[in-house]
Amino acid sequence: MKLGVIGSPIEHSKSPEIHTNFADQFDLELVFEKYLVSKNECLEWVKSFFESGGLGLSVTLPLKEVVLEIADDISLRAKQAAAANMLFLKDGKIFADCTDGLGLVTDLKTKDVDIADKKILILGAGGAAKGIVPSLLNENPKQVIVANRTPEKAIQLVAQIQELGGSQMKSSILMPSSLTLDSLENTSFDLVINATSASTSADQNLEVDSSIFKGAAAALDLYYSQTDTKFMQMAKEQSVAKVYDGWGMLVEQAAESFSQWTGFKPDTSGLLESRGA
Ligand code: NAP
């Protein structure tokens with residue numbers, strides 16, 4: 001079985017280790033490679049990968065949007081996210097899906113973090129935020145609030161989600177005017193999620209007021225890191241009891257992709273425990 005992950009850069013990707021762990025659980029023979037693929041060559045590259053016997057691809061930055069152009073069929077959640085993190089050759093056609101949101105929701109459930117009837121703050125309105133917001137809304141939270149440094153992107157994100165299936169969602173979604181979070185002062189949240197890319201570099205600052213953590217039961221940084229990110233440190237300083245990075249989401253989104261490619265549902269507990277998730 002020929003699978004792989006494409007992106008640029010790609011060296012950091014943990015996908016080969018994760019999918020090899022899954023394949024070993026079912027004694028499946030797997031070739032899972034990392035491929036450095038640029039935006040310019042992406043469409044031709046993907047086409048030839050599937051023509052030469054490839055079954056599925058994980059897709060990471062900066063290719064999550066461009067791969068939609070080559071897909072014959074796109075899932076509703078990938079349409080809502082306007083991005084795909086996996087491709088799958090099914091009945092001779094390329095199918096694009098976004099498993100990030102399901103990955104996050106599964107991870108939160110595993111960690112006993114409640115979503116239903118809860119007030120959730122999402123920081124960021126990039127690709128990751130687009131992927132997770134529809135899945136969170138499907139879990140019937142009380143409210144999802146999207147805050148972004150560039151407010152126009154939050155407005156666009158909300159409009160896009162409402163256009164593509166928002167009517168099926170019972171919960172409401174709001175965006176404040178800026179990431180200074182002035183409009184959120186004295187507002188408390190049950191769950192705070194960092195979907196910005198601020199944690200990817202030590203010299204980047206996430207300008208948020210620590211009051212956003214007051215009263216929160218949990219905080220999760222989508223970035224996966226061996227050490228606490230600044231966001232995680234801030235949450236712990238504000239006595240948030242449950243504070244996590246994005247490792248669990250990464251493993252769970254991969255498990256969903258693997259299930260679709262192979263028909264086998266892997267056990268994620270070993271990988272989650274290996275990181276103390
Ligand atoms: P992206 O599309 O480039 O979006 C980046 C977002 O972060 C934008 O909203 C941007 O705001 C905001 N931002 C960047 N630097 C900031 C700063 N210093 N202060 C405030 N806001 C800042 O990136 P992405 O694909 O959404 O990825 C976001 C994060 O999610 C990354 O850490 C990535 O590693 C993580 N992720 C994790 C998983 C997983 O499975 N665990 C999956 C996908 C992504 P502007 O619009 O104002 O520029």
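Nothing fancy with the numbering, it's 1 onward along the sequence. None of these values were measured; they are calculated from a predicted model. Counting starts at 1 for both ligands and their atoms, in listed order.
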Asks: Could you tell me, atom by atom, which parts of ligand 1 come under 4.0 Å of a heavy atom of Gly124?
Replies: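 Contacts of ligand 1 toward Gly124, numbered from 1: 9 (O).
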Asks: Tell me whether Tyr224 has any N or O atom under 3.5 angstrom from an N or O of ligand 1.
Replies: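 Between Tyr224 and ligand 1 (N or O atoms, distance only) the closest approach is not under 3.5 Å.
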Asks: Taking the six-membered ring of Tyr224 (Phe, Tyr or Trp), confirm whether the NZ or CZ of Lys14 is under 6.0 Å from its centre and within 45° of its axis.
Replies: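 The answer is no; the distance or angle limit is not met.
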Asks: So if I count the atoms of ligand 1 from 1 in the order they appear, which ones are less than 4.0 Å from some heavy atom of Lys153?
Replies: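 Listed by number with element, the hits are 45 (P), 46 (O), 48 (O).
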Asks: Look at ligand 1 and say whether Lys64 reaches it with a heavy atom at a distance under 4.0 Å.
Replies: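 Within the 4.0 Å threshold, so yes.
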Asks: So for ligand 1, is Arg149 a polar contact partner (N or O within less than 3.5 Å, distance only)?
Replies: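 Yes.
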Asks: Closer than 4.0 angstrom, basic N to acidic O: yes or no for Asp209 and Lys214?
Replies: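 No, this pair does not count.
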Asks: More than 12 heavy atoms of other residues, nucleotides or ligands under 6.0 Å from CG of Asp91: yes or no?
Replies: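 No - once you tally the heavy atoms of other residues, nucleotides and ligands closer than 6.0 Å, there are 12 at most.
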Asks: Do the numbers put Lys2 on top of the ring of Phe49, so that NZ or CZ is under 6.0 Å from the six-membered ring centre and no more than 45° off the axis?
Replies: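 So Lys2 does make the cation-pi contact.
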Asks: Short question: side chain of Thr200, backbone of Ser197 - any donor-acceptor pair under 3.5 Å?
Replies: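 At least one qualifying donor-acceptor pair exists.
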Asks: Please work out which of the three classes, parallel, tilted or perpendicular, describes the rings of Phe88 and Phe95, given edges at 30° and 60°.
Replies: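 Aromatic pair Phe95/Phe88 classed perpendicular.
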Asks: With nothing but distance in play, are any N or O atoms of Leu206 less than 3.5 Å from an N or O of ligand 1?
Replies: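 N/O-N/O distance under 3.5 Å: no.
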Asks: Heavy-atom contacts under 4.0 Å between Gln204 and ligand 1: side chain, backbone, both, or neither?
Replies: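 Gln204 to ligand 1: side-chain contact only, backbone stays beyond 4.0 Å.
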Asks: Which is closest to atom 41 (N) of ligand 1 by heavy-atom distance: Leu222, Thr60, Val251?
Replies: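 It is Leu222 whose heavy atom sits nearest to atom 41 (N) of ligand 1.
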Asks: Do Gly246 and ligand 1 have an N or O pair less than 3.5 Å apart?
Replies: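 Between Gly246 and ligand 1, an N or O pair is found under 3.5 Å apart.
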Asks: Against heavy atoms of Ala125, which atoms of ligand 1 measure under 4.0 Å?
Replies: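 Taking each heavy atom of Ala125 in turn, ligand 1 has 9 (O) under 4.0 Å.
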Asks: Which salt bridge (Lys or Arg N to Asp or Glu O under 4.0 Å) pairs, counting each pair once, include a residue from residues 247-269, with sequence neighbours left out?
Replies: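 Output for this query lists Arg77-Glu256.
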Asks: Just going by heavy-atom distances, which of Asn85, Ile132, Asn205, Leu123 is nearest to atom 19 (N) of ligand 1?
Replies: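 Heavy atom nearest to atom 19 (N) of ligand 1 belongs to Asn205.
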Asks: Can you find an N or O of Gln253 that's nearer than 3.5 Å to an N or O of ligand 1?
Replies: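 Between Gln253 and ligand 1 (N or O atoms, distance only) the closest approach is not under 3.5 Å.
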Asks: Give the single entry among Asn148, Leu250, Asp221 that approaches atom 11 (O) of ligand 1 most closely by any heavy atom.
Replies: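 Minimum heavy-atom distance to atom 11 (O) of ligand 1 goes to Asn148.
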Asks: Answer yes or no: is there a donor N or O on one side and an acceptor on the other, between the side chain of Ser225 and the main chain of Asp228, under 3.5 Å?
Replies: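 Not a single qualifying donor-acceptor pair exists.
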Asks: Please confirm whether Ser199 comes under 4.0 Å of ligand 1, counting heavy atoms of the residue only.
Replies: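 Distance cut 4.0 Å: Ser199 fails for ligand 1.
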Asks: Can you check which of Thr200, Thr150, Leu61, Asp107 brings a heavy atom nearest to atom 45 (P) of ligand 1?
Replies: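 It is Thr150 whose heavy atom sits nearest to atom 45 (P) of ligand 1.
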Asks: Carefully, step by step, assess Asp100 and Lys64 under the rule salt bridge (charged side-chain N to carboxylate O under 4.0 Å, His left out).
Replies: CA-CA 11 Å; Asp100 280 340; Lys64 287 185 170 188; 3.0 Å; yes
Asks: Leu68: which other cluster members, linking ILVMFWY side chains closer than 4.5 Å, directly or transitively?
Replies: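 In the cluster with Leu68 are Ile74.
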Asks: For atom 25 (O) of ligand 1, which of Gly131, Ala128, Ser197 has the closest heavy atom?
Replies: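 It is Ala128 that holds the nearest heavy atom.
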Asks: Has Ser58 got a side-chain atom pairing as donor or acceptor with Val5's backbone, closer than 3.5 angstrom?
Replies: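 It does not hold such a pair.
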Asks: Of the listed options (Gly127, Ala195, Gly126), which comes nearest to atom 28 (C) of ligand 1 when hydrogens are ignored and any heavy atom counts?
Replies: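 The nearest heavy atom belongs to Ala195.
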